[in-house]
Amino acid sequence: MTTQLSDYIKELITKARIVSFANWQDSYPPEIIQHFQAADDHGRYLTDDDLHQIKACSPDTESLINTAQFLRDNASDIISEARETVLAQYPDITKPGGSLYPAPRAEACWRDFWHFLRCITYGIAGSSTQFTSAEGLHYMNLLYKELQVPIAAMVLGLEGIKAASLKRLSEPDTIAPYFEHLINQLKKFS
């Protein structure tokens with residue numbers, strides 16, 4: 001079964017870019033911000049080279065950069081744990097009649113989890129808990145409404161990403177605010 005996306009949904013997808021580096025000029029020179037922007041433009045995590053360049057520019061954030069790298073390298077396991085959290089709380093969500101049925105809807109949800117963690121790692125590597133775009137979040141909210149995405153399950157998944165990430169870290173309290181920022185933004189969705 002293939003689902004055709006309407007032009008409106010396709011437009012929302014392109015506008016639902018939830019990360020913004022607009023307020024980072026005081027912290028980083030343009031060539032470093034470009035590493036973040038290029039990663040986001042390509043929907044990828046920061047590479048080792050990106051992280052090396054950022055670290056060279058801002059050596060006092062080395063531990064945060066190392067954390068972002070660690071989370072990137074463990075993203076698959078972290079997302080799997082978050083998915084299991086959602087499925088345990090909502091066991092019928094991927095079954096016929098569930099909010100994440102058919103399978104492509106569930107796959108899109110799990111993919112969003114991967115992107116949520118990716119965006120959080122940008123904030124961590126950039127040492128900025130304020131890494132989101134109000135405009136991008138607005139369009140994501142509209143997209144989620146249009147697609148009838150189960151917000152409670154997405155919030156639970158994001159909380160699961162946080163829990164799975166923090167339990168792997170030696171100083172979780174330092175990193176928790178990056179997750180909390182995005183969780184609080186998603187909780188505002190209606």
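Position 1 is the first residue of the sequence; numbering continues from there. Values below: all heavy atoms of this structure, side chains included; hydrogens, waters and symmetry mates excluded.
Considering all non-hydrogen atoms of both residues, Cys109 and Met154 come closest at SG-SD, 3.2 Å. Closest approach of Ile65 to Ala125, counting heavy atoms only: CG1-O, 3.7 Å. Closest approach of Phe70 to Asn74, counting heavy atoms only: O-ND2, 2.8 Å. Heavy atoms only, all atoms of each residue included: Lys162 and Ala176 are closest at CE-CB, 4.2 Å. Taking both residues in full, the closest heavy atoms of Thr94 and Ala106 are given as CG2-CB, 3.8 Å, listed atom of the first, atom of the second, then distance. Residues Ile124 and Leu64 come closest through the heavy atom pair CG2-O, 3.2 Å.
One finds the CZ atom of Arg118 at 15.0 Å from the CZ atom of Phe113 (value rounded to the nearest 0.5 Å). Remark: Ser99 OG to Leu147 CG distance equals 12.5 Å, nearest 0.5 Å. Thr85 contributes atom OG1, which lies 11.5 Å from atom CG of Leu158 (distance to the nearest 0.5 angstrom). To the nearest 0.5 Å, atom CG of residue Asp77 and atom CG of residue Leu71 are 12.0 Å apart. Atom SG in Cys119 sits 9.0 Å away from atom CZ in Arg17 (nearest 0.5 Å). The NE2 atom of His181 lies 4.5 Å from the CD atom of Gln130; values are rounded to the nearest 0.5 Å.
In summary, the aromatic rings of Tyr45 and Trp114 are positioned with their centroids under 6.0 Å apart.
In this structure, Phe179 and Glu159 have side chains that are not in contact, with every pair of non-hydrogen atoms separated by 4.5 Å or more. Between Leu142 and Tyr8 there is a side-chain heavy-atom pair separated by less than 4.5 Å. Under the 4.5 Å side-chain criterion, counting only non-hydrogen atoms from C-beta, Asn66 is not in contact with Leu51. For the pair Leu46/Tyr122, a side-chain contact is recorded, criterion being any heavy-atom separation below 4.5 Å from C-beta on. Contact of the Tyr139 side chain with the Ile18 side chain is not registered, since no non-hydrogen atoms from C-beta on lie closer than 4.5 Å. Within the 4.5 Å cutoff, side-chain heavy atoms of Cys57 are placed close to those of Tyr28. Looking at Thr132 and Val19, their side chains never come closer than 4.5 Å, going by heavy atoms from C-beta outward. Leu137 is listed as a side-chain neighbour of Phe189, based on a closest heavy-atom distance under 4.5 Å.
Between the Gln148 side chain and the Lys145 main chain, no donor and acceptor come within less than 3.5 Å of each other. Remark: side-chain polar atoms of Arg83 are not paired, donor with acceptor, to backbone N or O of Trp110 under 3.5 angstrom. In terms of modelled atom types and a separation under 3.5 Å, the side chain of Ser165 and the main chain of Ile161 share a donor-acceptor contact. Looking only at distances, a side-chain donor or acceptor of Thr47 sits under 3.5 Å from a matching main-chain atom of Asp50.
Between Arg168 and Glu81 there is a salt bridge, with a side-chain nitrogen of the basic residue lying less than 4.0 Å from a carboxylate oxygen of the acidic one. Between Glu11 and Lys15 there is a salt bridge, since at least one side-chain N of the basic residue sits less than 4.0 Å from a carboxylate O of the acidic one. Comment: Lys55 does not engage Asp60 in a salt bridge, judged by the lack of any side-chain N to carboxylate O separation of less than 4.0 angstrom. Contact check on Glu180 versus Lys187 returns no salt bridge, with no Lys/Arg side-chain nitrogen under 4.0 Å from an Asp/Glu carboxylate oxygen. In summary, Arg72 and Asp48 engage in a salt bridge, as defined by a charged side-chain N under 4.0 Å from a carboxylate O.
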**Item:** Steps toward side-chain contact (heavy atoms from CB on, under 4.5 Å) verdict (Trp24, Ser128)
**Value:** CA-CA 8 Å; Trp24 290 24; Ser128 176; 3.4 Å; yes

**Item:** Stepwise side-chain contact (heavy atoms from CB on, under 4.5 Å) test for Leu5 and Ile13
**Value:** CA-CA 10 Å; Leu5 298 177; Ile13 290 169; 3.8 Å; yes

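For Lys10, the salt bridge (charged side-chain N to carboxylate O under 4.0 Å, His left out) criterion is met by no residue, not counting sequence neighbours.
Counted within 6.0 Å of CD on Gln25, heavy atoms from surrounding residues, nucleotides or ligands total more than 12; the atom is thus considered enclosed.
Ring pair Phe36/Phe21 is tilted by interplanar angle, where 30° to 60° counts as tilted.
For Tyr101 and Arg105, the side-chain atoms include no donor-acceptor pair closer than 3.5 Å.
Screening Leu100, Leu156, Val155, Val86 for a side chain to side chain contact (heavy atoms under 4.5 Å, CB included) involving Pro150 leaves a single residue, Leu100.
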